[in-house]
Amino acid sequence: KGEVGTDGKKKVKKEPEEKWKWWEEERYTDGVKWKFLEHKGPVFAPAYEPLPSNIKFYYDGKPMKLSLGAEEVGTFFAKMKVLIFRNFFNISLESETSLLLSQRPGRPCLRRRSRYPTPSKNKEENERILQEYGFCVMDNHKERIANFRIEPPGLFRGRGDHPKMGMLKRRIRPEDIIINCSKDSQHPKPPPGTKWKEVRHDNKVTWLVSWTENIQGAIKYIMLNPSSRIKGEKDWQKYETARRLKKCVDRLRAQYRDDWKSKEMRIRQRAVALYFIDKLALRAGNEKEEGETADTVGCCSLRVEHITLHPEKDGKEYVVEFDFLGKDSIRYYNKVPVEKRVFKNLQLFMENKQPEDDLFDRLNTTILNKHLQELMDGLTAKVFRTYNASITLQQQLKELTSPEDNVPAKILSYNRANRAVAILCNHQRAPPKTFEKSMQNLQSKIDAKKEQLSDAKRELKSAKADAKVRRDEKSKKAVECKKKAVQRVEEQLMKLEVQATDREENKQIALGTSKLNYLDPRISVAWCKKWGIPVEKIYNKTQREKFAWAIDMADEDFEF
DNA sequence: GGGCGAACTTAGTATTGGAATG
DNA sequence: CATTCCAATACTAAGTTCGCCC
C-alpha cells in the first residue's frame, strides 16, 4: 500500500491496529462491569487568575478591595452581564466579535474584541492533556473517557424558568472527589498537597470519578465515551429490548385498550397514560420537587391545565389539545384525535378537579413501570420511545426511498425519515441565529448555478449547430464534452436544491438527539448497504465510532 | 408504596476547528 | 491573511430507572 507524498517519497501508511470487536466477546453477567480499571483521575478547572491591580471594584463610587473569592464571583457576574448585553444587541448576528464592558465605573461602554485574542496556542496543550487524562484502561483495552474535565465554577443557569438560576456553582476541589478504580491499578494521584475524598474499588458501577454538585446536591460522574465497550453494550441491549417490545406490542395494545373499560380508576388511568406514551412518544414523567427545578412535566405528571378536550375540532371528533413544557422546558403542543373511550375517560379524570391538579391522580412512574415489567421483562416507559422511534424510521425509509433517486436525493429521504422521528419525539431547537442569512447564501449559490447551467446549455446548443455544419469527429467530440458539462452542472444544481430543502425543513427540528439515542443504528446501516450509500454520508466520524458495533454487524437484510 | 440516593441516559446550546471565502 | 461559515465537539442540565430503607 502506501501513497506517494508531495515530496516524492513513499509515505508508509501505518496499518491501524486491529480494531477490537467487543461485540464478538462474551459479556459479564451478575452486575460486574469490569475486572480492571486504571486512570489518571480528573483534570481540575484552571485556578482563578486575579485581575491586574489597576482594575478595581467600586462600591458607592469608591474603590474597594475584594477577597480573591469575591473577586472571582464578581467576574462571573460580569461575564453574565456581557452575555446579556451581547444577546440584547444581537451582536453575533452582525459579526463574530464579542463585547467587553468598559472597566471604568458608572460608564457602561462597549468595545469590540476579535474572536481570536491569542491564536490557538492552547491547542497543543489541550492535545497533551487529552493524551494524558483522556483515556483509561478498562479490562485489557484503552478506552476514551467522555468528560475528564471537572466542571468549572460559575453562575448556574438552568433551562427555562429555573428557580435556582444565578446561584453560585462552587469550585470542585480534590477533597470533593471520589475516585473509582481497581485495587491493583496505579491509583490516580491528587494534586500536590491535597487528598481525594475517597478512593473506592466498586466494579459494579461504570464511573471513574464522582463528586456532589452544590446546586441540586446531585452526584456528577466521569464516565467513558460512547465508543467504549461499556456504553456500546448497553446501547445495543437497549435496542434489543425495544425489538422484544415489537414482538409483543400488539398484545400490549389490546390489553390497554381493554383496560380503558376497567371498573377501577387506577387501571383506567394507567391504560390511558400508556396509550399516550405509546401513541405520542411522551416521556414517563416523574414527580419533581417544587421550587427545586423548572416546572416541567411528562405523561404521568400531566396536570388538568395541560390538556383541553374538544368534542369536535377542525372537522375531527374527540380531539385532545396538549400544551405543556417537557424536558428542558421545550414546549409540547399537539392536537390529537383520540378514541371515544379515551376521550370519555379523560373527561372522567378531570371531573371536579382544579387546573393545577394531577390528571392521573392514581398513577405515577413507579406504578406504571411495575405494570410494564409484568407485561414484558425489562419493559419500562422509555422503551416505547425507543421502539416507536426506530420502527418509524424503518417504515419511513421504506416509504420514502425511491430506487431511481440519486445519492443526494436518497439522503434527503433519509433525513426526512429521521425528521419524522424527531417530530414524533418533539426534538426541537432554536432556529440558528444566522439561519436566514445562511439560507440567502445558499439561494445565491443556487442562482449562480442556474446561470452557469443556462450558459452550459447555450454552449451545448452552439456546439451541436457547429457539428451539424462541419460533420467531423472533432466537433462531435466537442458536443459530447458539452453534454457532459451540462449534466455535471445539473447534478450540482440539484444537490444544492436538495440541500436548501433539507435545511429549510430542519429549521426548528433537531435530528441529532434521535439519531444518537433512539434510532437503532442497524436500521440505518442496513439502508446504506441496501442502496449503496456510503455510511459516512449518514454518520460522521464520532457517530461511526459510537455505532461501530452496528456497522460491523448489520447487513442489508437487517429488520428491526 | 413513599422517599431518597445513586447510576445512567437523554437533551439543547455554546464553543471550537478547520474549510471556504474575500 | 483575516474573516466568515458550518459541522463537529464540548458541555452540563435534566430526565428515567432502580434498589434500598422505613
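Atoms considered below: every heavy atom in the structure, side chains included; atoms not considered: hydrogens, waters and symmetry mates. Lettering follows sequence order; numbering is per chain, from 1.
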For A/E289 and B/dG2, what is the distance between atoms CD and C1' respectively, to the nearest whole Å?
13 Å
Describe, in one word, how the ring planes of A/W196 and A/F44 are oriented to each other, choosing from parallel (under 30°), tilted (30 to 60°) and perpendicular (over 60°).
parallel
Value in whole Å for how far the P atom of C/dC11 lies from CD1 of A/I150:
12 Å
Interface residues of residues 212-241 of chain A with DNA chain B (non-hydrogen, below 4.0 angstrom)
A/I219, A/Y221, A/M223, A/K231, A/K234, A/K238
Please check: side-chain N/O of A/D358 versus main-chain N/O of A/F360, any donor-acceptor pairing under 3.5 Å?
no
Please state how far atom CG in A/L325 lies from atom C1' in B/dA11, giving the value in whole angstrom units.
15 Å
With a 3.5 Å distance limit and no angle check, can you tell me whether A/E143 reaches the backbone of A/R229 through a side-chain donor-acceptor pair?
yes
Going by the angle between their ring planes, with limits at 30° and 60°, are A/W22 and A/W549 parallel, tilted or perpendicular?
tilted
Nearest whole angstrom, please: distance from the P of B/dA7 to the CG of A/D202.
7 Å
Output the rounded distance in Å from CG (A/N364) to C1' (B/dG1).
9 Å
In residues 373-393 of chain A, what residues come within less than 4.0 Å of DNA chain B, judged by heavy atoms?
A/K382, A/R385
Starting at the 5' end of DNA chain C, which residue's closest nucleotide do you reach first, A/G158 or A/R503?
A/R503
Check the angle between the aromatic planes of A/H201 and A/H187 and answer parallel, tilted or perpendicular using the 30° and 60° thresholds.
tilted
Flag for A/Q396-A/N418: side-chain donor and acceptor within less than 3.5 Å:
no
What is the separation between atom OH on A/Y332 and atom P on C/dA14, rounded to the nearest whole Å?
22 Å
Donor-acceptor pair, distance only, cut-off 3.5 Å: does the side chain of A/N180 make one with the backbone of A/W207?
yes
Do A/R270 and A/S262 have side-chain N/O donor and acceptor atoms under 3.5 Å apart?
no
Select from A/L516 and A/V205 the residue whose nearest nucleotide in DNA chain B is closer to the 5' end of that strand.
A/V205
Grab the CZ-C1' distance between A/R362 and B/dG2 for me, whole Å please.
17 Å
Taking the nucleotide of DNA chain C with the closest heavy atom to each, which residue, A/T542 or A/R283, is nearer the 5' end?
A/T542
Between C1' on B/dA11 and CG on A/N426, what's the gap in Å once rounded to a whole number?
12 Å
